[in-house]
Peer 1: 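I am attaching a structure below and will ask some questions about it afterwards.
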Amino acid sequence: MMDYKYIEQLMERYWQCQTTLEEEAILRAFFAQDDIPVHLLPYRQLFLAEHLEQSSVRLDETFDRRMLDIIESERTVKAKTITLSQRLTPLFRAAAVIAMFITLGTAAQRAISTDNEYPAAEAYQSVTVEGPSVAVNDTVKKDTAKLVQAPRLID
């Protein structure tokens, strides 16, 4: 029968990652027994699972030979040829997206600017000048002259 204080000390060192391989083997051998104190039973599965994994994972004798055959087998590697147009396709797509954004931005800007660009024309149509008011007549004439001289962007 082993000293349980020694096992508990080994467990403390195990949790602090300070055990050697031999001490871990002692812990595995201890937990593989049938007679384990109740307060150490929760840790049994940890050491038994490791022991069962080591015993259950076995490679057959042909494993090394099969792996070497796979590594040494000569496969013909075919180089994939890429044409110039295939290389430039992402660039063409990016240019198309940029052109689309510029076109939409310009169209939106013109649509906004034509609504508010010539407020004097509306003012000229709505103002009726009666009498000898020279200031109003001159202002309306100047605005109309600017309107006629300004190029229309959208007809």
Peer 1: Give every donor-acceptor pair under 3.5 Å between a side-chain atom in residues 90-97 and any protein atom, sequence neighbours left out.
Peer 2:
none

Peer 1: When rounded to the nearest 0.5 angstrom, what is the spacing between CZ in Arg66 and CD1 in Ile71?
Peer 2: 12.5 Å
Peer 1: Parallel, tilted or perpendicular for Tyr43 and Trp15, by the 30°/60° rule?
Peer 2: tilted
Peer 1: So among Thr103, Leu104, Ile102, Ile98, which one has a side chain to side chain contact (heavy atoms under 4.5 Å, CB included) with Met100?
Peer 2: Leu104
Peer 1: Can you tell me how far apart CG (Leu21) and CZ (Arg28) are? Round to the nearest 0.5 Å.
Peer 2: 8.0 Å
Peer 1: Would you say Phe30 ends up clustered with Leu41 if hydrophobic residues are merged whenever their side chains have heavy atoms under 4.5 Å apart, either directly or through other cluster members?
Peer 2: yes
Peer 1: Name all residues meeting the side chain to side chain donor-acceptor pair (under 3.5 Å) criterion together with Ser85; count only those two or more places apart in sequence or in a different chain, and write none if there are none.
Peer 2: Thr83
Peer 1: Quick one, Glu8 and His39 - any side-chain contact, counting heavy atoms below 4.5 Å?
Peer 2: yes
Peer 1: CZ of Arg65 to CD1 of Ile70: how many Å apart, nearest 0.5 Å?
Peer 2: 10.5 Å
Peer 1: Return the minimal non-hydrogen interatomic distance between Ile7 and Leu40, and the atom names on each side.
Peer 2: CG2-CD1, 3.9 Å
Peer 1: The criterion is side chain to side chain donor-acceptor pair (under 3.5 Å); which residues satisfy it with Arg44, sequence neighbours excluded?
Peer 2: none
Peer 1: Output yes when a side-chain donor or acceptor of Glu23 lies under 3.5 Å from a complementary backbone atom of Thr20, and no otherwise.
Peer 2: yes
Peer 1: Heavy atoms only: give me the nearest Gln86-Thr81 pair and the separation to one decimal.
Peer 2: OE1-O, 4.0 Å
Peer 1: For residues Ile26 and Tyr6, report the shortest heavy-atom separation together with the two atoms involved.
Peer 2: CD1-OH, 3.9 Å
Peer 1: What's the spacing between Leu48 CG and Gln33 CD if we round to 0.5 Å?
Peer 2: 11.0 Å
Peer 1: Closest heavy-atom contact between Ile82 and Arg87?
Peer 2: CG2-CG, 3.6 Å
Peer 1: For the residue pair Phe47 and Tyr14, is the inter-centroid distance of their aromatic rings smaller than 6.0 Å?
Peer 2: yes
